[in-house]
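Below is one structure, written out as structure tokens; the observations come after it.
Not measured: the values here are computed from a predicted model. Scope of the values below: all heavy atoms of this structure, side chains included, with no hydrogens, waters or symmetry mates. Note on naming: letters A, B, ... go to the chains in the order of the sequence lines (proteins, then strands), and numbering restarts at 1 for each one.
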Protein chains: 2
Amino acid sequence: MLFSKGCTYAIRASLLVTTKEIKDGRKFIPIRELSDELDLSFHFLTKIMQVLTEAKIMESFRGPNGGVGLARPAREITLIDVIAAVDGLDLFSECALGLPGCGEKTPCPLHAAWAKRREDLHRMFEKTTLAGLAKELELNALRH
Amino acid sequence: MLFSKGCTYAIRASLLVTTKEIKDGRKFIPIRELSDELDLSFHFLTKIMQVLTEAKIMESFRGPNGGVGLARPAREITLIDVIAAVDGLDLFSECALGLPGCGEKTPCPLHAAWAKRREDLHRMFEKTTLAGLAKELELNALRH
DNA sequence: GATATATAAGATACAAGAGTCTTAAATCTG
DNA sequence: CAGATTTAAGACTCTTGTATCTTATATATC
């Protein structure tokens, strides 16, 4: 898999928070509500949302009417922010063959081809914002 | 990581077998020799080479002067063959968010962007042969 | 045929990732 | 203030990937 499970859960949950914030105008969404709708473990998602909170991507609030919400406007949060917080950015800097010395000066035979593509992937995830994905989701719903 | 460790070892070992076959004209290379030169566990590499042998990418021969060798000409073995045997091809067909229903008809918001790139990656690994990588390695050595 | 060499196969051990559970702390409501 | 709600934190378990070890089996050489 490209991302760890935790990372895909983080992306899906962030996106759900975004749409709820935009459509319902709510500031904090209970993690229980997110885990129910995404059909995944509440406790596991809690741990992941804590990581996003530490990374200043989310804000959290305890007690009744509490939950998690975006710490910044959805158009200012990119997928790279979420990926970096959960999985780190090794994927976008590592050699495809895991060779530590591989680089421009001493390339492995796959270096040129992979470096080009991993940078393209990095740029794509950097350009993709939660607001953009939410918009995309809405358009898909309309088309069905 | 893009590939499992076993998969990167498989690629590196296959490539080493290729260069030894081309340069020294030997048919079978002992796994011990490969693990020594690649600096990784002999027993682990043995298991991986068994997978490649089962997949008809390698041939093996026991006893003195035995070892493993390419089952076909190096220009007919692609990286996709090796990757498919060790890690499988899920990476090139799966949704980036791990959503089972994701596809052209019911796309997740990342579908279009990721599908394009994962197909490009697939084509690249499909076009890359062991012979091509060995050639690349030789050119790199000349440039240093 | 005896011995040494080398892979084959499978059992076992270790580590990391994924997921669960429990307890604590903060906050709101009545 | 009491009780309900909700996140925080960390211990714990389960599973999977990674790695090692042991015992077969096949082959070549002498």
Side-chain angles (χ1 to χ4, degrees), chain A residues 1-14 17 20 26-71 83 85-88 90-91 98, chain B residues 1-13 17 20 26-71 83 85-88 90-91 97-98:
Chain A
M1 257 205 299
L2 190 65
F3 303 128
S4 72
K5 296 226 176 168
C7 191
T8 66
Y9 296 170
I11 295 173
R12 285 155 64 183
S14 308
V17 169
K20 281 177 181 290
R26 289 194 286 160
K27 187 83 195 76
F28 293 106
I29 321 291
I31 297 179
R32 174 73 64 184
E33 186 180 328
L34 300 174
S35 67
D36 280 353
E37 290 192 32
L38 295 172
D39 194 33
L40 41 91
S41 153
F42 164 72
H43 288 104
F44 191 37
L45 185 57
T46 295
K47 213 156 73 169
I48 293 161
M49 296 320 270
Q50 276 174 33
V51 172
L52 296 186
T53 303
E54 276 166 32
K56 301 270 168 48
I57 294 169
M58 295 278 171
E59 268 172 4
S60 68
F61 208 80
R62 298 202 233 198
N65 304 321
V68 293
L70 303 183
I83 294 163
V86 182
D87 275 2
D90 284 356
L91 175 65
Chain B
M1 256 204 300
L2 191 66
F3 303 127
S4 72
K5 295 222 176 171
C7 190
T8 66
Y9 296 171
I11 296 173
R12 285 154 66 183
V17 169
K20 281 178 181 289
R26 290 194 285 161
K27 186 85 195 76
F28 293 106
I29 321 289
I31 297 181
R32 175 71 68 184
E33 185 180 327
L34 299 173
S35 66
D36 280 353
E37 291 192 33
L38 296 172
D39 194 33
L40 41 92
S41 152
F42 164 72
H43 287 104
F44 192 37
L45 185 58
T46 293
K47 215 155 71 166
I48 293 162
M49 297 319 271
Q50 275 174 32
V51 172
L52 296 185
T53 303
E54 276 166 31
K56 301 272 168 49
I57 294 169
M58 295 278 170
E59 268 172 4
S60 68
F61 208 79
R62 298 202 233 197
N65 305 322
V68 292
L70 302 182
I83 294 164
V86 182
D87 276 1
D90 284 354
L91 175 65
L97 299 183

Rounding to a whole Å, what distance do you find between [X]:[atom1] and [N]:[atom2]?
| X | N | atom1 | atom2 | value |
| --- | --- | --- | --- | --- |
| Met1(B) | dA15(C) | CE | P | 17 Å |
| Glu54(A) | dA8(D) | CD | C1' | 10 Å |
| Ile48(A) | dG17(C) | CD1 | C1' | 11 Å |
| Asp87(B) | dT18(D) | CG | C1' | 13 Å |
| Leu52(A) | dT7(D) | CG | P | 14 Å |
| Ile29(A) | dT7(D) | CD1 | P | 10 Å |
| Arg32(B) | dA4(C) | CZ | C1' | 15 Å |
| Gln50(A) | dA24(C) | CD | C1' | 12 Å |

Please output the side-chain donor-acceptor pairs of residues 1-10 of chain A that fall under 3.5 Å, not counting sequence neighbours, one pair per line with the distance.
unit_1, atom_1, unit_2, atom_2, d
Ser4(A), OG, Cys7(A), N, 3.2
Ser4(A), OG, Asp87(A), OD1, 2.5
Ser4(A), OG, Asp87(A), OD2, 3.4
Thr8(A), OG1, Lys5(A), O, 2.8

Scan the side chains in residues 29-44 of chain B for donor-acceptor partners under 3.5 Å anywhere in the protein, sequence neighbours excluded, and list what turns up.
unit_1, atom_1, unit_2, atom_2, d
Glu33(B), OE1, Arg26(B), NH1, 3.3
Glu33(B), OE2, Lys20(B), NZ, 2.8
Glu33(B), OE2, Arg26(B), NH2, 2.6
Ser35(B), OG, Ile31(B), O, 3.4
Ser35(B), OG, Arg32(B), O, 3.0
Glu37(B), OE2, Lys20(B), NZ, 2.7
Ser41(B), OG, His43(B), N, 3.3
Ser41(B), OG, Phe44(B), N, 3.0

>> With a 4.5 Å cut-off on side-chain heavy atoms, are Met58(A) and Leu70(A) touching?
In response: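 Touching, per the 4.5 Å side-chain cut-off.
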>> What does the B/S/- profile of nucleotides 19-30 of chain D look like, 5' to 3', with a 4.0 Å heavy-atom cutoff to protein?
In response: BBBB--BBBSS-
